[in-house]
Amino acid sequence: MKVRCKYNTGQDLRRYENKLLKEEELGRFGITANSIYGEITVGREYLVMGMIMFESYLSYLVDDDGLISACPCQLFEVVDDKVDPKWHFRLIEKEEDIYPYIQAIWGYYELCFDRNSYEKLIVEKAEDAYQTYFKRKNTSNNIQIKAE
């Protein structure tokens with residue numbers, strides 16, 4: 001699946017809020033109107049490596065210049081809706097530390113079945129998690145190139 005970044009600010013997400021908020025108030029995306037998603041670039045296309053269902057929104061797992069992030073899907077437009085046929089799905093169990101903040105994960109095998117994958121990749125930025133991500137991304141790129 002490929003997406004193009006249309007927006008990268010908290011102000012752009014305000015129209016998707018459930019209620020009217022002051023600029024400095026945190027909304028359902030966990031940011032203020034003044035926040036900037038500096039890890040993505042408006043106009044750039046991204047290969048989506050996974051999807052994370054948070055309590056109140058869906059995010060795409062993407063990377064820009066080596067920095068991996070999970071950004072709200074509302075910041076993007078879909079340019080190719082085909083997902084990698086090797087993707088997996090996992091519903092987050094109530095006993096897990098990331099529940100209820102994260103409800104479900106779609107993506108490559110390790111992202112879904114290593115119960116600490118999200119923290120290792122997004123929070124800790126662990127080298128082994130980054131290596132696995134980029135290894136899987138390389139495989140996904142090769143599959144897409146063959147399909148085209």
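Excluded from the calculations below are hydrogen atoms, water molecules and symmetry mates; all remaining heavy atoms, backbone and side chain alike, are included.
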- request: Check whether more than 12 heavy atoms from other residues, nucleotides or ligands sit under 6.0 Å from atom CG of Asn116, and answer yes or no.
  value: yes

- request: Take atom NZ of Lys125 as the centre, draw a 6.0 Å sphere, and report whether it contains more than 12 heavy atoms from other residues, nucleotides or ligands.
  value: yes

statement: Shortest non-hydrogen pair, Ile68 vs Phe134, comes out as CD1-CE1, 3.9 Å

task: Identify the two heavy atoms, one from Ser140 and one from Leu47, that lie closest to each other, and give their separation to 0.1 Å.
output: CB-CD2, 4.0 Å

message: Same cluster or not: Ile36 versus Leu21, using hydrophobic residues (I, L, V, M, F, W, Y) connected whenever any side-chain heavy atoms lie under 4.5 Å apart?
response: no

From Ile31 atom CD1 to Thr9 atom OG1, the distance as rounded to the nearest 0.5 Å: 7.5 Å

Close side-chain approach of Tyr99 and Glu93, heavy atoms under 4.5 Å: no

field: Gap separating the CD atom of Glu124 from the CD atom of Glu119, nearest 0.5 angstrom
entry: 7.0 Å

query: If two hydrophobic side chains count as joined below 4.5 Å and joins carry through other members, does Leu20 share a cluster with Leu26?
result: no

- prompt: How long is the gap from CZ on Phe76 to CD on Glu45, to the nearest 0.5 Å?
  reply: 11.5 Å

query: Quick one: CG on Asn18 to CZ on Arg28, what's the gap to the nearest 0.5 Å?
result: 5.5 Å

Do any side-chain atoms of residues 103-113 form donor-acceptor pairs under 3.5 angstrom with protein atoms, and if so which ones, sequence neighbours left out?
residue, atom, partner, partner atom, Å
Gln103, NE2, Pro100, O, 2.7
Glu110, OE1, Arg136, NE, 2.9
Glu110, OE1, Arg136, NH2, 3.4
Glu110, OE2, Arg136, NE, 3.4
Glu110, OE2, Arg136, NH2, 2.5

- prompt: Checking Ser69 side chain against Glu39 main chain: does a donor-acceptor pair fall under 3.5 Å?
  reply: no

message: Nearest 0.5 angstrom please: Gln11 CD to Leu13 CG, how far?
response: 9.5 Å

Sub-4.5 Å side-chain heavy-atom contact between Tyr37 and Phe29: yes

message: For Tyr60 together with Tyr46, are the ring centres under 6.0 Å from each other?
response: no

- request: Identify the two heavy atoms, one from Ile40 and one from Cys71, that lie closest to each other, and give their separation to 0.1 Å.
  value: CG2-SG, 3.8 Å

query: Does any non-hydrogen side-chain atom of Leu61 lie less than 4.5 Å from one of Tyr133?
result: yes

- prompt: Less than 4.0 Å between a side-chain N and a carboxylate O, is that true for Lys86 and Asp84?
  reply: no

task: Taking the side chain as every heavy atom from C-beta outward, state whether Ile98 and Phe54 have any pair of such atoms under 4.5 Å apart.
output: no

- request: Rounded to the nearest 0.5 Å, what's the gap from CE on Met51 to CZ on Phe89? Could you check?
  value: 9.5 Å

Any side-chain heavy-atom pair of Asp65 and Arg44 under 4.5 Å: yes

Arg14 to Glu23 - nearest heavy-atom pair and separation: NH2-O, 3.2 Å

query: Taking atom CD of Glu127 as the centre, does the number of heavy atoms from other residues, nucleotides or ligands within less than 6.0 Å exceed 12?
result: no

task: Write down the atom of Val3, the atom of Val79, and the distance for their closest heavy-atom approach.
output: N-CG2, 3.9 Å

Student check: side-chain heavy atoms of Tyr57 and Tyr16 closer than 4.5 Å: no

message: Tell me whether Arg15 forms a cation-pi arrangement with Tyr7, defined as NZ or CZ under 6.0 Å from the six-membered ring centre and within 45 degrees of its axis.
response: yes

message: Between Leu58 and Ile52, is there a side-chain heavy-atom distance shorter than 4.5 Å?
response: no

message: What I want to find out is whether Glu25 reaches Lys19 closely enough, with some N-O distance under 4.0 Å, to be called a salt bridge.
response: no

- line: Closest non-hydrogen contact found for Thr41 with Cys5 is O-CB, 3.2 Å

